[in-house]
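Below: the structure, in structure tokens.
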Amino acid sequence: MSAAFIRIVGLKKHFQMGGTTVRALDGLDLEIVQNSFTVVMGPSGSGKSTLLYLLGGLDRPSAGQIDVAGQRLDQMDENQLAIFRRKSVGFIFQSFNLIQSMNALENVTFPMQFAGVAPKERNSRATELLKRVGLADRMHHKPNELSGGQQQRVAIARALVNNPIMILADEPTGNLDSGSGISVMQMLAELHKNGRTVLVVTHDPRMKHFATHKIHLLDGKVVSEDEYERASLDALKFTEQAANLGEAHE
Ligand code: ADP
Ligand code: MG
């Protein structure tokens, strides 16, 4: 049996909202092998983004263990976590999260400043990556001069600058038209082929064609596909019943 690349045990993330506790993750267990392409599914509010944030070291758990490539994220101090984020993780967001005042090249160069890469090397690496995502002729454009698909490709190039072992993408095609979405998916698939471990949160059924693994979240826990389907069906029935009730009252 191959050792897990990601191993999560009893993971909890609770938020205090006024007097109530929101249990975003509520005792989640998960193992993921290296060089897999995992699609994470779950209804809104099931904890998908929270899971990705914790895996990427962008936030800390309330309880539980997170082991990525032999490193215990839950035991790291802020400094160690910052190094982990910079060196090991490429994060891709639904809303691109580019810096609006910087052009594409500057956006991609930016994270290398903090990784101790020499200025000349920064530029050549960023240029190479932007070429690879098909933006050779858009390097000096600012985000507001680029389409959504182009902005997401800049974000992918940025995610790759420090050559991360793991790519985390939170609904990366959620704000894109169908064609741009496909090209972003193909790029993620390419990164997987090149040996990276990829986790993608998505509602896009086309992403399943690229996936080697699927996980299903409900109420902050991983559930089986059967359990997930059953819950989806129940939710659908409930919606239908509510609609029928509405009609009966008209
Ligand atoms: P998903 O990405 O699956 O839609 P999230 O991980 O964003 O779900 O959120 C899971 C639950 O945790 C939701 O109920 C959400 O409102 C809550 N939550 C997430 N982040 C915070 C936060 N920073 N403060 C308070 N509640 C939060
Ligand atoms: Mg989310």
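Order of appearance sets the numbers: ligands from 1, and atoms from 1 within every ligand.
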Are the charged groups of [X] and [Y] less than 4.0 angstrom apart, N to O?
X      : Y      : answer
Lys221 : Asp219 : no
Lys13  : Asp59  : yes
Arg158 : Glu106 : no

Of all the non-hydrogen atoms in the protein, which one sits nearest to [atom], and at what distance?
atom                    : answer
atom 7 (O) of ligand 1  : Ser49 CB, 3.7 Å
atom 12 (O) of ligand 1 : Ala24 CB, 3.2 Å
atom 3 (O) of ligand 1  : Lys48 NZ, 2.8 Å
atom 8 (O) of ligand 1  : Gly47 N, 3.3 Å

- Please verify whether a non-hydrogen atom of Ser46 lies at under 4.0 Å from ligand 1. yes
- Message: At less than 4.0 angstrom from any non-hydrogen atom of Thr50, what atoms of ligand 1 do you find?
- Response: 5 (P), 6 (O), 9 (O)
- Task: Would you mind running through ligand 1 and noting each atom that sits below 4.0 Å from a heavy atom of Pro43?
- Result: 3 (O)
- Derivation and outcome, salt bridge (charged side-chain N to carboxylate O under 4.0 Å, His left out), residues Glu190 and Arg132: CA-CA 11 Å; Glu190 187 73 25; Arg132 224 196 291 165; over 6 Å; no
- Ser49 near the Mg ion (ligand 2): N/O/S under 2.8 Å: yes
- Polar contact flag, side-chain donor to acceptor under 3.5 angstrom, Asp204-Thr202: no
Can you confirm whether [X] sits close enough to [Y] that some side-chain heavy atom of one is under 4.5 Å from a side-chain heavy atom of the other?
X      : Y      : result
Lys214 : Met207 : no
Leu51  : Leu28  : yes
Thr197 : Ile167 : no

- Would you tell me which option among Asp170, Thr21, Val22 has the nearest heavy-atom contact to atom 17 (C) of ligand 1? Val22
- Message: Can you confirm, on distance only, whether ligand 1 has an N/O atom lying under 3.5 Å from any N/O atom belonging to Phe15?
- Response: no
- Would you check the N or O atoms of Gly45, main chain and side chain alike, for any that come under 3.5 Å of an N or O of ligand 1? yes
